[in-house]
Amino acid sequence: MARSATASIDLTALRHNLRQVRNMAPNSNVIAVVKADGYGHGIVDVARSLSAADLLGVACIEEALQLREAGITTDILLLEGFFEDSELTLIERYNLQSVIHQHVQLDQICQHSFKQPPSVWIKLDTGMNRLGFEPEQFPAIYRQLQQSGTVVSIRAMTHLACSDELNNPLTLQQYQTLKSVTNDADIELSVAASAAVIGWPQTHEQWVRPGLMLYGVSPFLNKTGADHQLRAAMLFQSKIISIKQVKQGDTVGYGASWVAGRDSRIGVIAAGYGDGYPRHAPSGTPVLIDGQRASLVGRVSMDMICVDLTDMPNTKLGDTATLWGAELPIEEIAKRCDAIPYQLLCGLTQRVAITYKN
Ligand SMILES: Cc1ncc(COP(=O)(O)O)c(C=O)c1O
């Protein structure tokens, strides 16, 4: 029998979520962020389903090539740019757009001889202090790129550090910094990832860059995708592979950390951290068994977790256990584990069979 842990991806939910992005940012083009294997959903199938996006955002050339080799023709943007000079040939051959965020990239792109020059996005660091040029360098960089003649179009972008905090003043400070230094150039801008698509409409500009919300997940603590009319695309499930009776005072699992407060009926589910279920999920984390909430008991093992079925006498071997999905928000599971939904989605491992539903 095949291993029971599976992820079912609802491609109609992805398309619905893209439409929601367009409803929320009606005047913007959409860069659908599909890096990290489409946030664990499978980059190629996600990209195919999101063919209505204006541009696909990936982290590196390998992800871009994976898409092109699978026949994806949508425009693709390298969100971190290129890491080696040799990638410039591939950028041209595969018709990719590139971010540039530091001088070494600026010099390389200005010195390369392209037959078909690429589109370039100048990334400015307006407060994240991660990737990006200093904002005041923008006019000189813009001029250098224009004069080089090696790019076909130039846009600018920045990344927000705190847009998931709706009262944090840094967001508008970052936005204003970008606006003020690019004002004279009159070029297209991109600022908003999911949290700003939903919560900071004044930052939408010509291009929004959502990732998480496309997968139906909320970027805000204490909210779920459904609160924003989004639909969870991933359903992570497994099955009960054993049921046993333990006595009051018995313990369950590694470290004997969970002690039965009463005689208990314990279900063993075939999913563990080896599948991407979070190792730090504490006892009490909900698991849905045939639509009803059961509680995780004891530590998460590599291949298994245990749940308390004492109050669910009708549950039986082979019953389906939902670990997260539309009926059990991943946001809730992440919060229990002191993790973020991004981490859980990307953490799904290769042995989880992914199936797609159209
Ligand atoms: C540069 C950039 N833009 C957009 C996104 C998408 O962010 P989110 O998934 O929060 O929408 C990311 C994700 O990390 C990113 O690094």
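All ligand and atom numbering here is 1-based and tracks the order in the structure. Count residues from 1 along the sequence.
For G211, a nitrogen or oxygen atom sits less than 3.5 Å from a nitrogen or oxygen atom of ligand 1, counting backbone and side chain alike.
Residue contact check for ligand 1: K35 places a non-hydrogen atom closer than 4.0 Å to it.
Side-chain contact annotation: T322 with Q237, donor-acceptor N/O pair under 3.5 Å present. Between Q20 and N23, the side chains place a donor N or O and an acceptor N or O closer than 3.5 Å (distance only, hydrogens not considered). No hydrogens or angles considered: nothing links the side chains of S301 and D303 as a donor-acceptor pair under 3.5 Å.
Less than 4.0 angstrom separates some heavy atom of A193 from each of these atoms of ligand 1: 4 (C), 6 (C), 7 (O), 8 (P), 11 (O). Residue-ligand proximity, L212 to ligand 1, at heavy-atom distances under 4.0 Å covers atoms 8 (P), 9 (O), 11 (O). Within ligand 1, the atoms closer than 4.0 Å to a non-hydrogen atom of Y39 are 6 (C), 7 (O), 8 (P), 9 (O), 13 (C), numbered from 1 in the order shown.
Given atom 11 (O) of ligand 1, the protein heavy atom at minimum distance is S194 OG, 2.5 Å. Here the heavy atom of the protein found nearest to atom 4 (C) of ligand 1 is R209 O, 3.3 Å. With hydrogens left out, the protein atom closest to atom 10 (O) of ligand 1 is Y342 OH, 2.6 Å, a heavy atom.
Heavy atoms only, all atoms of each residue included: R22 and V30 are closest at NH1-CG2, 3.5 Å.
Taking the six-membered ring for Trp and thresholds of 30 and 60 degrees, F114 and H112 have ring planes inclined between 30 and 60 degrees apart. Using a 30° and 60° split on the angle between ring planes, F236 and Y277 fall in the tilted class, from 30° to 60°.
Residue nearest to atom 2 (C) of ligand 1, selected from M128, M157, K123, H159: H159 (by heavy-atom distance).
Proximity of P210 to ligand 1, defined as any heavy-atom pair under 4.0 Å, is confined to the backbone N, CA, C and O atoms.
Cluster membership check: L348 shares its hydrophobic cluster with I305, using side-chain heavy-atom separations under 4.5 Å among Ile, Leu, Val, Met, Phe, Trp and Tyr.
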